[in-house]
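The figures here come from the full heavy-atom set of this structure, side chains too, leaving out hydrogens, waters and symmetry mates. First listed ligand is number 1; within each ligand, the first listed atom is number 1.
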Amino acid sequence: MKCLKLKALTEPSAESNPDPNPNGSAVKILTFDLGNGSEVVYIPKFFPFNQAWNWFDYLNNEIPWSRPTIRVFGRSCVQPRDTCYIASPGLPDLIYSGYQPRAYSWDDYAPLKEILDAVHEALPGSSFNSLLLNRYKGGNDCVGWHSDDEKLYGSTPEIASVSFGCEREFFLKKKPSKRSHVSKERGEEPASKRSKKSSHTDQHSFTLKHGSLLVMRGNTQRDWLHSVPKRAKVEATRINLTFRHVV
Ligand SMILES: O=C(O)CCC(=O)C(=O)O
Ligand SMILES: [Fe+2]
C-alpha cells in the first residue's frame with residue numbers, strides 16, 4: 001500500500017490551541033481567512049487515530065458505494081470516485097452533474113451519526129442534515145474543480161469535510177472575478193491586477209490527513225473552487241465525508 005506523505009503549502013492566518021476534540025484532549029485549530037468573507041478552518045487531528053481507522057474500515061465495508069455515470073460539459077462519464085448520499089427525511093432531492101443520488105437514511109448507519117455528533121459539537125450553531133460520501137480508491141480517483149454552490153444549500157453554505165485513510169491534497173482556487181469587465185467600463189483597475197496587491201493569495205493547498213476536519217464557510221462556495229487532483233503515485237484508499245445543511 002503506497003500512501004504518500006504530503007506537506008501543506010498554506011500558512012494559517014490564526015492558530016488556536018488548545019480546544020477539546022471529541023475525546024476531550026487539546027487539538028490544533030488552524031483558521032484561514034481567504035478574504036471577502038471566505039474562511040477555511042482545518043483541524044488536522046480532529047479524531048483520534050485508531051478510532052478514525054475503525055470508522056474507515058466500517059465505511060469501506062458497510063456503505064453502499066456506487067460509481068455513477070454523470071454529465072460534465074455535456075458529455076457522459078463515469079464519476080472518478082465512489083459515492084453515497086445520506087439525507088434526513090423530507091429534504092428536496094440533490095441533483096448534481098445530471099445525477100440524482102438515492103438518499104439513504106442516517107438510521108441505517110449508526111457510526112455516521114456518531115461522526116455527525118462530534119462535528120456538531122465542534123461547530124456550535126451548525127445543523128447538518130445531509131452527507132455526501134466519497135471514496136477514492138487510489139491516485140486515479142479524484143474530484144475536479146467545482147464549488148458546492150447548489151441552491152439547496154443556501155447562499156453561504158457551511159460544509160464540514162472529514163477525511164479517513166490515505167492523505168490527499170485538497171486545492172482551493174479563486175473563481176475568475178465577474179467584476180473585471182465592469183471595472184474596465186468604470187475606468188477602474190481590473191480585479192485581476194488589484195488582487196496581486198492584496199495580501200490574499202488566489203490558491204491554497206491542504207494535505208487532508210487521516211482523521212482531519214476541514215470546514216469551508218462564508219462566501220467560500222461563491223468565490224472559490226476546490227478539487228482533489230489525481231496523484232499518479234498514490235495507491236491507497238481515502239474516504240471523505242462532506243456534511244451539508246439543506247435549507
Ligand atoms: O474529497 C474531498 O476532500 C472533497 C469532496 C468534495 O469536494 C465534494 O464532495 O463536494
Ligand atoms: Fe466539493
Side-chain angles (χ1 to χ4, degrees), residues 3-4 6 8-10 32 34 38-44 46-47 52 55-56 59-60 63 65-68 70 72 79-87 94-101 103-104 112 115-116 119 128-154 156-175 203-231 234 236-246:
C3 185
L4 294 185
L6 306 164
L9 302 176
T10 297
F32 301 84
L34 306 188
S38 297
E39 187 182 75
V40 169
V41 177
Y42 180 52
I43 307 177
F46 183 65
F47 289 118
W55 277 329
F56 174 93
L59 297 167
N60 202 22
I63 291 295
W65 298 105
S66 71
R67 198 167 276 235
I70 55 170
V72 182
Q79 186 176 270
R81 61 192 181 281
D82 297 329
T83 192
C84 180
Y85 182 55
I86 308 279
L94 170 67
I95 301 177
Y96 68 93
S97 304
Y99 168 64
Q100 186 188 313
Y104 287 88
L112 291 180
I115 299 169
L116 175 64
V119 170
F128 301 108
N129 54 14
S130 68
L131 165 64
L132 201 57
L133 298 98
N134 290 303
R135 180 171 64 177
Y136 304 81
K137 289 168 94 177
N140 253 341
D141 285 3
C142 63
V143 59
W145 289 112
H146 70 283
S147 53
D148 298 306
D149 57 356
E150 284 83 4
K151 279 213 175 79
L152 80 167
Y153 301 131
T156 53
E158 181 175 50
I159 294 184
S161 163
V162 170
S163 295
F164 298 119
C166 187
E167 293 177 359
R168 292 287 294 264
E169 273 176 306
F170 177 86
F171 286 124
L172 280 153
K173 84 171 170 192
K174 195 131 196 227
K175 291 185 187 177
Q203 289 214 34
H204 297 275
S205 149
F206 296 87
T207 301
L208 296 185
K209 295 199 174 283
H210 172 64
S212 68
L213 170 68
L214 177 124
V215 184
M216 295 182 275
R217 51 162 74 125
N219 294 325
T220 310
Q221 301 310 315
R222 187 194 71 182
D223 293 350
W224 294 77
L225 300 165
H226 56 273
S227 70
V228 175
K230 288 188 186 211
R231 283 291 174 256
V234 169
T237 298
R238 166 175 183 261
I239 292 175
N240 172 260
L241 279 53
T242 50
F243 294 93
R244 300 132 187 265
H245 177 79
V246 176

Partner residues of N134 under the side-chain hydrogen bond (donor to acceptor under 3.5 Å, both in side chains) criterion, sequence neighbours left out: R81
Side-chain donor-acceptor contact under 3.5 Å, D82 with S66: no
Geometric class of the F164/H210 ring pair [parallel <30°, tilted 30-60°, perpendicular >60°]: perpendicular
D149 and K175 ion-paired at < 4.0 Å: yes
Metal environment of the Fe ion (ligand 2), protein N/O/S under 2.8 Å: H146 NE2, D148 OD2, H226 NE2
Test side-chain hydrogen bond (donor to acceptor under 3.5 Å, both in side chains) applied to N140 - qualifying residues, sequence neighbours left out: none
Given V40, D223, N219, the one that forms side-chain contact (heavy atoms from CB on, under 4.5 Å) with L34: V40
Close side-chain approach of L241 and L59, heavy atoms under 4.5 Å: yes
Any protein N or O within less than 3.5 Å of an N or O in ligand 1? List each pair with its distance, or say none.
residue: ligand 1; atom: 1 (O); partner: Y136; partner atom: OH; Å: 2.5
residue: ligand 1; atom: 1 (O); partner: R238; partner atom: NH1; Å: 2.9
residue: ligand 1; atom: 1 (O); partner: N240; partner atom: OD1; Å: 3.3
residue: ligand 1; atom: 3 (O); partner: R238; partner atom: NH1; Å: 3.4
residue: ligand 1; atom: 3 (O); partner: R238; partner atom: NH2; Å: 2.8
residue: ligand 1; atom: 3 (O); partner: N240; partner atom: ND2; Å: 3.4
residue: ligand 1; atom: 7 (O); partner: H146; partner atom: NE2; Å: 3.1
residue: ligand 1; atom: 7 (O); partner: H226; partner atom: NE2; Å: 3.0
residue: ligand 1; atom: 9 (O); partner: N134; partner atom: ND2; Å: 2.8
residue: ligand 1; atom: 9 (O); partner: R244; partner atom: NH2; Å: 3.4
residue: ligand 1; atom: 10 (O); partner: H146; partner atom: NE2; Å: 3.1
residue: ligand 1; atom: 10 (O); partner: D148; partner atom: OD1; Å: 3.1
residue: ligand 1; atom: 10 (O); partner: D148; partner atom: OD2; Å: 3.2
residue: ligand 1; atom: 10 (O); partner: R244; partner atom: NH2; Å: 3.0

Smallest separation among heavy atoms of L172 and F206, with atom names: CD1-CE1, 3.7 Å
Ring centres under 6.0 angstrom apart (H245, Y153): no
